[in-house]
Undergrad: 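I have a structure here, written as structure tokens, and I will follow up with some questions on it.
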2 protein chains.
Amino acid sequence: MTATPPSRPASPGRQPEAVDRDRYFSRLAQERPDIAMCRATTLVARSIDEELAGHRLTVAQHLVLKMLNDVGPCSQQELSAQLRIDRSVMVGCIDGLEDSGLVRRERHPRDRRAYAVTLTPEAGPALVEAEDGVPRLLDRAFGTLTAAERRTLTRLVGKILDVS
Amino acid sequence: MTATPPSRPASPGRQPEAVDRDRYFSRLAQERPDIAMCRATTLVARSIDEELAGHRLTVAQHLVLKMLNDVGPCSQQELSAQLRIDRSVMVGCIDGLEDSGLVRRERHPRDRRAYAVTLTPEAGPALVEAEDGVPRLLDRAFGTLTAAERRTLTRLVGKILDVS
DNA sequence: GCGAAATCATCTGCAAGTAAACAATCTGGG
DNA sequence: CCCAGATTGTTTACTTGCAGATGATTTCGC
């Protein structure tokens, strides 16, 4: 980590041109993993949005369908908590899926506050199609990384998320 | 990576409770590095915002001061390009720094379209203070990672950013 | 030199995420 | 049973980053 010392501004504005101003970002990304990660995530999100431009489902809607298919009917609260999507965002997300006829808001049998969001038969093909697009999506976003590097990145990010 | 196979929705809505719905996010983060990265970046950004709550400088303002100190007066265009901050956002960023008396918008000697954003003497202490806070900031954001893991993460993220 | 195109800083509108308030409903203490 | 507090879904307001338009200025082709 001694490759790029913090370079304390001991004499502010003194050194005239010590650093290449055309490649300054490269230096910054070395010292500040937080900044590098934010900028990289922006790139990843952008490339995924481009990949999904023509498709019917947003990323969030795809995740909702996937979770419902994996664990069965859920309340919006459960979907929000597990998918890390805010409750108020989940409302519009389910609205869109309901308008598309892919889910129904059924009443939760034991708690009339909550819905039991449920897949319709039409959801199956839509989910398969979205799921099939995932590898291409990941290749576009993480194309510069090898498979091993992607696994390492996943592991490290998982530690930040504090998930087993 | 065969730990969590993609689990194609062969029979949608058929398997009743194959997956633990209380730990579904953990599974998702394993299969979808893009989602994991987005969520982790949100956490990192949040913890940094909390750390900087009482301070005078935003992250962007800190970066601007740092770059100006490292490479000398810059146009807003150069700052935007290297710090990966949109031009229109940079306007407000420099406005704040100018109001705080830390930079001045001087005219570029050879191009009257551009400014030469320049540090004032008051910027020195502010930059030193912000710079001193960086290690604490990174510890809060990446506390669950060892130093070696942070370096690995920085390297992998750097590859996504496509910087040497 | 002169006009077209590009560039810099700025402004406006837009999309997305977050926080807070709200009504309906559930839960627990008395 | 009854009431205070918590929870679920929803709406609204606020913040933030981004795309596009604009005016001033520079650069390039002729």
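Source: prediction; values computed, not measured. Letters A, B, ... mirror the listed sequences (proteins, then strands); counts begin at 1.
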Undergrad: Chain B on DNA chain C: first and last contacting nucleotide, 5' to 3', under 4.0 Å to a heavy atom?
TA: C/dA6 to C/dA19
Undergrad: Base, backbone or nothing for each nucleotide of nucleotides 3-10 of chain D, written B, S, -, heavy atoms under 4.0 angstrom, 5' to 3'?
TA: ---BBBBB
Undergrad: Mind listing the residues from residues 33-46 of chain B sitting with a heavy atom below 4.0 Å of DNA chain C? Number order is fine.
TA: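 Hits under 4.0 Å, by residue number: B/T42, B/R46.
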Undergrad: Quick one: side chain to side chain contact (heavy atoms under 4.5 Å, CB included) partners of A/D86, sequence neighbours excluded?
TA: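 In terms of side chain to side chain contact (heavy atoms under 4.5 Å, CB included), with neighbours along the sequence ignored, A/D86 is linked to A/S88, A/V89.
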Undergrad: Could you list the residues that satisfy salt bridge (charged side-chain N to carboxylate O under 4.0 Å, His left out) with B/E78, not counting sequence neighbours?
TA: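 With sequence neighbours excluded, B/E78 shows a salt bridge (charged side-chain N to carboxylate O under 4.0 Å, His left out) to A/R21, given in chain and number order.
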Undergrad: If the condition is salt bridge (charged side-chain N to carboxylate O under 4.0 Å, His left out), which residues does A/D49 pass it with, not counting sequence neighbours?
TA: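 Once residues adjacent in sequence are excluded, A/D49 has no partner under the salt bridge (charged side-chain N to carboxylate O under 4.0 Å, His left out) criterion.
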Undergrad: Check side chain to side chain contact (heavy atoms under 4.5 Å, CB included) between A/R46 and all other residues, then give those that pass, not counting sequence neighbours.
TA: A/E50
Undergrad: Sequence neighbours left out, what passes side chain to side chain contact (heavy atoms under 4.5 Å, CB included) with A/A130? Give chain and number order.
TA: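 A/A130: side chain to side chain contact (heavy atoms under 4.5 Å, CB included) contacts with A/L57, A/H62.
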Undergrad: Could you tell me which residues satisfy side chain to side chain donor-acceptor pair (under 3.5 Å) with A/R39, sequence neighbours excluded, listed by chain and number?
TA: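 Listed in chain order: nothing, the list is empty.
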Undergrad: Name all residues meeting the salt bridge (charged side-chain N to carboxylate O under 4.0 Å, His left out) criterion together with B/R136; count only those two or more places apart in sequence or in a different chain, and write none if there are none.
TA: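 Partners of B/R136 by the salt bridge (charged side-chain N to carboxylate O under 4.0 Å, His left out) criterion, ordered by chain and then number, come out as B/E51.
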Undergrad: Go through the structure and list residues passing salt bridge (charged side-chain N to carboxylate O under 4.0 Å, His left out) with A/E106, not counting sequence neighbours.
TA: A/R104
Undergrad: So, using side chain to side chain contact (heavy atoms under 4.5 Å, CB included) as the criterion, who are the partners of B/A36 when residues are at least two apart?
TA: A/V157, A/L161, B/A29
Undergrad: Are B/R105 and B/D95 within salt-bridge range, i.e. N to O under 4.0 Å?
TA: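 Between B/D95 and B/R105 there is a salt bridge, with a charged N closer than 4.0 Å to a carboxylate O.
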